[in-house]
Amino acid sequence: MKKYKVAIVGATGLVGRSFIKVLEEKNLPIESYSLFASKRSAGSKLTLLGKEYEVQELTEHSFDSGFDYALFSAGGEVSKKYAPIAAKKGCIVIDNSSYFRMHDDVPLVVPEVNFDDVRNNHGIIANPNCSTIQAMLPLKALDDKYGIKRVVYSTYQAVSGAGKNALDDLKNTDNNKPLKKFPHPIFNNCLPHIDSFLDNGYTKEEMKMINETRKILHHPDLRVTATTVRVPVSNSHSESINVELEKDFEMDDLVNTLRNFPNIVIVDNPEKNEYPMPINATGHDEVFVGRIRRDNSVKSGVNLWVVADNIRKGAASNAVQILERLIQEQI
Ligand code: A2P
């Protein structure tokens with residue numbers, strides 16, 4: 001069996017370290033890894049599957065030695081510059097930044113939902129936004145069975161999605177100490193502000209959810225709106241998703257449709273106070289769905305509460321699952 005060479009770009013970051021963790025959990029036929037970060041980290045050491053690797057500075061020549069695949073999570077500017085260089089050298093890049101996501105010739109992929117889109121890749125495959133990824137599993141399940149007509153997202157997003165400095169802000173309970181990441185305290189607070197504001201009044205995060213949903217579900221005109229909110233939770237995003245469906249449904253059938261979809265776990269026993277929660281989702285790759293109830297304000301509508309680990313399924317695990325399928329299918 002062929003053994004593959006894999007590069008990890010941004011290996012020292014929050015998601016980069018999760019790439020390493022998730023790769024260690026899987027037994028993929030990878031013969032060698034190379035770890036890249038900025039000049040700042042060059043020479044530092046990271047361990048992967050018991051082997052110590054020296055982190056190398058990313059340069060224009062980093063891909064000269066020929067990699068089969070590269071996992072990128074070093075921000076949009078790094079992806080913009082270096083992903084095309086890697087692709088030109090014959091490497092398939094799985095990119096966690098938002099830079100290429102809406103490019104027509106770049107597949108945007110959640111493996112359980114639209115893996116076949118990777119067949120149109122030109123060397124770069126984009127990993128969707130964390131809050132989009134977890135919503136795609138239940139929405140794809142419902143779309144295939146009932147057709148979705150309109151979606152309203154309200155998110156409750158964890159601080160880890162904003163990086164290490166943001167997590168320091170969450171621990172900062174002293175109002176006199178300066179913040180590192182957010183414009184306001186996140187401790188004891190909620191910020192209806194994720195990524196920057198656009199002229200239309202939405203944030204970039206909200207528009208990512210709207211545009212990426214349409215692309216992944218192949219519904220370019222789907223009616224979708226979103227309000228994204230940062231909450232003082234360290235890890236795992238929660239989302240309220242209101243969905244209007246084309247067809248009528250029986251509640252039991254709808255719940256079974258969700259239950260039978262790969263990697264969805266239903267947690268929905270209100271009588272026992274059981275529903276999805278961030279503290280239970282953290283460390284897992286499944287998407288947890290609960291509080292499933294009919295929306296009586298429309299003809300055929302349902303409310304869902306959807307929780308997943310934003311660093312794992314929302315970033316590193318989704319990328320590694322794409323890599324795993326590429327290897328399995330020898331793409
Ligand atoms: P470094 O640790 O050397 O700064 P996070 O999103 O958690 O902040 O992580 C960002 C990742 O991207 C880190 O691994 C960081 O490396 C890496 N990175 C940032 N800028 C560059 C760059 N110009 N070239 C390569 N890697 C970079």
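Numbering of ligands and ligand atoms starts at 1, following listing order.
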Colleague: Tell me which pairs pass side chain to side chain donor-acceptor pair (under 3.5 Å) where either residue lies in residues 182-198, with sequence neighbours left out.
Modeller: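 The answer is Asp195-Lys208.
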Colleague: Check ligand 1 for N or O atoms under 3.5 Å from a protein N or O and list each pair with its distance.
Modeller:
unit_1, atom_1, unit_2, atom_2, d
ligand 1, 2 (O), Thr12, OG1, 2.6
ligand 1, 2 (O), Ser41, OG, 3.0
ligand 1, 3 (O), Ser38, N, 3.2
ligand 1, 3 (O), Ser38, OG, 2.5
ligand 1, 3 (O), Ser41, OG, 2.4
ligand 1, 4 (O), Ser38, OG, 3.4
ligand 1, 4 (O), Arg40, NE, 3.2
ligand 1, 4 (O), Arg40, NH2, 2.8
ligand 1, 7 (O), Leu14, N, 2.9
ligand 1, 14 (O), Gly10, O, 3.2
ligand 1, 14 (O), Thr12, N, 3.3
ligand 1, 14 (O), Thr12, OG1, 2.6
ligand 1, 14 (O), Gly13, N, 3.0
ligand 1, 16 (O), Thr12, OG1, 3.3
ligand 1, 26 (N), Ser38, N, 3.2

Colleague: Would you mind listing every side chain to side chain donor-acceptor pair (under 3.5 Å) that reaches into residues 69-80, with sequence neighbours excluded?
Modeller: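 Found Ser73-Asn96, Ser79-Asp95, Ser79-Ser97.
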Colleague: What verdict does the salt bridge (charged side-chain N to carboxylate O under 4.0 Å, His left out) test give for Glu31 and Lys5, after you've listed the backbone C-alpha separation in whole Å, the side-chain angles of each residue and the deciding distance to 0.1 Å?
Modeller: CA-CA 6 Å; Glu31 75 174 339; Lys5 284 179 72 180; over 6 Å; no
Colleague: Applying salt bridge (Lys or Arg N to Asp or Glu O under 4.0 Å) as the test, list every pair that has at least one member in residues 284-298; sequence neighbours left out.
Modeller: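 The answer is Asp285-Arg312.
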Colleague: Between His237 and Asp309, do the side chains contain an N or O donor and an N or O acceptor separated by less than 3.5 Å?
Modeller: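 There is no such pair between these side chains.
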Colleague: Give a yes or no answer on whether the side chain of Asn172 reaches the backbone of Asp168 with a donor-acceptor pair at less than 3.5 Å.
Modeller: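 No: the side chain of Asn172 does not pair with the backbone of Asp168.
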